[in-house]
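Since the structure comes first, as structure tokens, the remarks are kept for the end.
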Amino acid sequence: PSALRALFLDTVPVRYSDIGGQASTIAKLRECVEWPLCHPDAFARLGVRPPKGVLLYGPPGCSKTLLVRACATESGVNFLAVKGPELLNKFVGESEKAVREIFSKARAASPSIIFFDEIDALATSRSASDSSGGAHEGVLTSLLNEMDGVQELVGVTIVAATNRPDVIDSALMRPGRLDRMLYVGPPDQQGREDILRIRTRKMSVEPGLDLEQIAQMTEGCSGAEIAALCQEAALLTMKRNIDAQFVPQDAFITAAHAIKKQITPDVIE
Ligand code: ATP
């Protein structure tokens with residue numbers, strides 16, 4: 001709906017149908033993000049405060065970013081994305097200024113979502129961050145100030161993502177800030193089959209490809225790893241025969257054997 005959209009033209013819009021599994025997370029995300037932005041009147045009518053922000057947490061590559069992007073697309077609101085570490089790579093004082101700028105842009109573009117990816121880089125609790133924490137404190141303070149709203153944040157929802165919820169400063173999680181936490185976990189068997197179906201939609205694959213078998217072999221894999229597996233299976237097929245017409249089942253199987261899983265049991269809830 002505004003000029004800001006132009007900033008994001010390079011990113012292909014993601015839809016809920018591009019995400020495998022995660023149906024219940026999508027439903028919860030819609031309550032926390034889409035309802036406040038698209039139906040503020042319903043909250044007013046029932047006399048409750050809409051949630052202001054959500055923290056998505058869970059192991060890497062399990063579709064946190066994808067979910068937020070889809071949520072923005074499907075609800076037709078503006079989307080501002082910031083990576084925590086990028087905000088920090090600025091001169092002293094510049095990070096704070098950047099935080100203020102993001103919020104003022106988001107207000108101007110409302111209804112909008114601000115997405116802070118890798119929020120732990122900005123909002124590590126003082127106890128968890130040892131001596132290096134001091135440099136980040138100004139950024140965290142600015143972030144909290146903006147959320148509390150010198151100017152009230154109307155029509156702006158904040159979504160943050162992290163792989164390390166344990167190090168997030170509890171100040172960020174108080175009511176009226178990131179008041180909800182949503183766990184985004186690795187896909188189950190059905191989820192993996194869905195992801196495989198989505199990822200092979202545009203590929204040329206062996207007719208009757210057995211997605212169930214490939215899904216069984218990828219237990220414990222993230223969505224990102226399953227996406228990489230499809231890519232790898234195609235490369236393998238080309239390596240065998242550059243004139244191949246489609247990617248056969250056994251290339252997927254070989255690729256599945258070769259995956260080094262990134263998610264270790266300690267990052268699963
Ligand atoms: P990180 O914590 O590393 O930032 P993330 O949880 O934000 O990871 P995404 O960036 O959303 O993960 O996912 C990485 C890529 O993996 C996506 O761009 C997509 O290609 C693929 N992917 C992950 N999960 C799914 C899924 N459920 N359905 C389809 N593709 C997926």
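Counting starts at 1 for both ligands and their atoms, in listed order.
- Heavy atoms of Ile195 found under 4.0 angstrom from ligand 1 belong exclusively to the side chain.
- For Arg240, the CZ atom is densely surrounded, since the number of other residues' heavy atoms within 6.0 Å is greater than 12.
- Every N/O-N/O distance between Ala227 and ligand 1 stays at or above 3.5 Å.
- Among all protein heavy atoms, the one lying closest to atom 5 (P) of ligand 1 is Lys64 N, 3.6 Å.
- Of the polar atoms of Ile19, none of the N or O atoms is found under 3.5 Å from an N or O of ligand 1, judged by distance alone.
- More than 12 heavy atoms of other residues, nucleotides or ligands lie within 6.0 Å of CE in Met203, so this atom counts as buried by the packing criterion.
- Close contacts between ligand 1 and Pro60 involve ligand atoms 2 (O), 3 (O), 8 (O) [criterion: under 4.0 Å to a heavy atom].
- Note on Arg197 versus Asp194: salt bridge recorded, some NZ/NE/NH1/NH2 to OD/OE distance being below 4.0 Å.
- Here the CD1 atom belonging to Ile214 is positioned 12.0 Å from the CZ atom belonging to Arg192, to the nearest 0.5 angstrom.
- Where the criterion is an N or O separation shorter than 3.5 Å, residue side chain and backbone included, Ile198 fails it with respect to ligand 1.
- Near Asn163, meaning under 4.0 Å from one of its heavy atoms, ligand 1 places the atoms 2 (O).
- Proximity of Glu74 to Leu29: side-chain heavy atoms (C-beta onward) are nowhere separated by under 4.5 Å.
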Please step through salt bridge (Lys or Arg N to Asp or Glu O under 4.0 Å) for the pair Arg100 and Glu96, ending with a clear verdict.
CA-CA 6 Å; Arg100 287 194 297 274; Glu96 286 86 338; over 6 Å; no

Identify each donor-acceptor pair in which a side-chain atom of residues 42-56 lies under 3.5 Å from a protein atom, sequence neighbours left out, and give them as a table.
{"unit_1": "Lys52", "atom_1": "NZ", "unit_2": "Met147", "atom_2": "O", "d": "2.5"}
{"unit_1": "Lys52", "atom_1": "NZ", "unit_2": "Gly176", "atom_2": "O", "d": "3.3"}

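- A donor-acceptor contact closer than 3.5 angstrom is absent between the side chains of Lys105 and Asn78.
- The side chain to side chain contact (heavy atoms under 4.5 Å, CB included) check on Gln231 picks up nothing, with sequence neighbours excluded.
- At a threshold of 4.5 Å between non-hydrogen side-chain atoms, the residues Gln249 and Gln213 count as touching.
- The protein non-hydrogen atom at the shortest distance from atom 28 (N) of ligand 1 is Gly20 N, 2.9 Å.
- Inclusion of Cys62 in the set of residues having an N or O under 3.5 Å from an N or O of ligand 1 is warranted.
- For ligand 1 and Arg199, the ligand atoms under 4.0 Å from any heavy atom of the residue are 19 (C), 20 (O).
- Between the choices Ser63, Gly58, Ala70, Gly223, the shortest heavy-atom distance to atom 21 (C) of ligand 1 belongs to Gly223.
- The option from Leu196, Leu66, Val68, Val184 that lies nearest to atom 25 (C) of ligand 1, judged by heavy atoms, is Leu66.
- For atom 16 (O) of ligand 1, the nearest non-hydrogen atom of the protein is Ala224 CA, 3.1 Å.
- Scanning all protein heavy atoms for the shortest distance to atom 1 (P) of ligand 1 gives Gly61 N, 3.7 Å.
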Going through the distances and angles, do Val82 and Val99 end up as a side-chain contact (heavy atoms from CB on, under 4.5 Å)?
CA-CA 9 Å; Val82 198; Val99 170; over 6 Å; no

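- Below 3.5 Å of separation, one finds no N or O of Gln22 facing any N or O of ligand 1.
- Scanning the protein heavy atoms around atom 7 (O) of ligand 1, the nearest turns out to be Thr65 OG1, 2.6 Å.
- Proximity to Asp18 (heavy-atom distance under 4.0 Å) selects the following atoms of ligand 1: 28 (N), 29 (C).
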